[in-house]
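Please read the structure below before turning to the comments.
It should be emphasised that the depicted structure is a prediction, and the values quoted were computed from it without experimental measurement. Quick note: numbers below take in every heavy atom, side chains included, and nothing from hydrogens, waters or symmetry partners.
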Amino acid sequence: DIAPTILYLLGLPIPQDMDGVVLREIFTEEFIATRPIRYSGDSFSDTTRGIKEYVEEDATIIQKRLADLGYL
């Protein structure tokens with residue numbers, strides 16, 4: 001219920017297949033009346049399609065950054 005509630009607070013639509021519901025009980029009726037809960041036609045998995053696939057080159061870059069910061 002946390003994820004849909006945070007999306008609601010940010011004014012973002014909630015994907016139709018996301019688990020959980022907005023925690024209405026933590027809001028006043030006036031607040032909900034002025035900011036209706038919106039659901040998107042997209043599925044939750046549709047929102048992750050643009051994420052680039054992790055490749056070995058990324059691991060090298062991350063390892064260098066961590067070494068530069070003194071973690072490795």
### Query
If you measure from CD1 on I6 to CD1 on I14, what distance do you get to the nearest 0.5 Å?
11.0 Å
### Query
CZ/R65 to OH/Y71 distance, rounded to the nearest 0.5 angstrom?
14.0 Å
### Query
Is atom CZ of R24 surrounded by more than 12 heavy atoms (other residues, nucleotides or ligands) closer than 6.0 Å?
no
### Summary
Heavy-atom closest pair (I32 atom, Y8 atom, distance to 0.1 Å) is CA-OH, 3.5 Å
### Task
Under the salt bridge (charged side-chain N to carboxylate O under 4.0 Å, His left out) rule, collect the residues that match up with D19, sequence neighbours excluded.
none
### Query
What residue among I62, D68, T60 forms side chain to side chain contact (heavy atoms under 4.5 Å, CB included) with K64?
D68
### Task
Keeping the roles fixed (side chain from T5, backbone from L23), state whether a donor-acceptor pair exists under 3.5 Å.
yes
### Message
When you group the ILVMFWY residues by side-chain heavy-atom contacts below 4.5 Å and let the links chain together, are V21 and I2 in the same group?
### Response
no
### Query
If two hydrophobic side chains count as joined below 4.5 Å and joins carry through other members, does L72 share a cluster with I61?
no
### Query
Does a side-chain heavy-atom distance below 4.5 Å link L7 with P15?
yes
### Summary
Distance col, row D1:CG vs I26:CD1, nearest 0.5 angstrom, shows 10.0 Å
